[in-house]
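So the structure is just underneath, and the comments pick up after that.
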Amino acid sequence: MFNPLFLILSILSAAVSIYAILCVIRIILTWIPPASGNGFTNFLAKICDPYLNLFKNIKWLRFGGFDLSPALGLCILSAVSTLLGSFSGGFSLSHLIQTIVGLAWNMANSVLIFITVVLIVRLVTILVNKTTYTSNPFLNAIDSSLGAVAGRMSRPFMKNANYKSQLVAAIIALVVASLVGSLVISTLCNLIGLIPV
């Protein structure tokens, strides 16, 4: 039977997903100075910056010069889109629990993926420049904020490793954590789905 509420929820879910993609593009373009100032970038700034700026003043999202506030904004958009999409097919208690567990994992996994991408960007700059030294403030922020984390993550696997090796080990550990976590949460959600409520 056709239900207009479920159709509206599906459309809203798709709209939020599209907006999240535009926000991701906006964030990436802020990392590329030559991309600023063109019409598309200005358009994205007008529609994305008011939302992304809501999270700028949250102090615990800043590590030195490194700002995780865009990641929180994207996590919230993902959560809203998932919630809207999940209820477009009907409602049950087990479905609600699955959705909450899935959302919690999606938010945590989004942070893991964001940190992984940032570490990959840093590793690529080292491979291209053949040096860890940089005068780029963004890369310096990565080094000061995530360099120690990469060192701690690589320590169980390799002792006295150089920074490049630490980054590789941290990237591998984060990818494995993301994959294993996704498998565990998927299995848990499937088990919750078997609950007859």
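Throughout, residue positions are numbered sequentially from 1 according to the sequence presented.
Minimum interatomic distance between Ala20 and Leu77 (heavy atoms only, all atoms of both residues): CA-CD1, 3.7 Å. Of all non-hydrogen atoms in Leu103 and Ser78, the two that sit nearest each other are CD2-O, 4.4 Å.
A distance-only check finds a donor-acceptor pair linking the side chain of Ser17 to the backbone of Ser13 [under 3.5 Å].
By the 6.0 Å contact criterion, CG on Asn190 is enclosed, its count of non-hydrogen atoms from other residues, nucleotides or ligands being greater than 12.
Hydrophobic cluster membership is shared by Leu127 and Leu119, with clusters built from Ile, Leu, Val, Met, Phe, Trp and Tyr side chains linked at under 4.5 angstrom. In the hydrophobic cluster analysis, where Ile, Leu, Val, Met, Phe, Trp and Tyr join through side-chain heavy atoms closer than 4.5 angstrom, Ile28 is grouped together with Val128.
Considering only heavy atoms from C-beta on, Val168 stays 4.5 Å or farther from Ser165 through its side chain. Within the 4.5 Å cutoff, no side-chain heavy atoms of Ser69 are placed close to those of Ile58. Residues Leu188 and Trp105 fail the side-chain proximity criterion, which asks for heavy atoms closer than 4.5 Å.
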### Task
Begin from the C-alpha positions of Leu191 and Leu194 and carry the test side-chain contact (heavy atoms from CB on, under 4.5 Å) through to its verdict.
CA-CA 5 Å; Leu191 292 174; Leu194 297 175; 4.3 Å; yes
### Task
Decide yes or no on side-chain contact (heavy atoms from CB on, under 4.5 Å) for Thr116 and Ser178, but give the supporting numbers first.
CA-CA 10 Å; Thr116 304; Ser178 176; over 6 Å; no
#### Entry: side-chain contact (heavy atoms from CB on, under 4.5 Å) assessment of Tyr51 paired with Ile76
CA-CA 11 Å; Tyr51 172 73; Ile76 290 173; 3.6 Å; yes
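A distance of 8.0 Å separates OG in Ser182 from CG in Asn106, rounded to the nearest 0.5 Å. Rounded to the nearest 0.5 Å, atoms NZ (Lys56) and CG (Leu72) are 12.0 Å apart. Separation of atoms SG (Cys75) and CG (Asn109) is listed at 9.0 Å; rounding is to 0.5 Å. Taking CD1 of Ile171 as the start and CG of Leu123 as the end, the distance is 5.0 Å to the nearest 0.5 Å. Taking CD1 of Ile18 as the reference point, atom OG of Ser81 lies at 9.5 Å (rounded to 0.5 Å). Atom-to-atom distance recorded for Leu44:CG and Leu29:CG is 6.5 Å, nearest 0.5 angstrom.
With sequence neighbours excluded, the residues forming a side chain to side chain contact (heavy atoms under 4.5 Å, CB included) with Ile8 are Leu12, listed by chain and number. Residues meeting the side chain to side chain donor-acceptor pair (under 3.5 Å) test with Asp49, sequence neighbours left out: Arg26. Judged as a side chain to side chain contact (heavy atoms under 4.5 Å, CB included), and not counting sequence neighbours, the contacts of Val184 are Val180.
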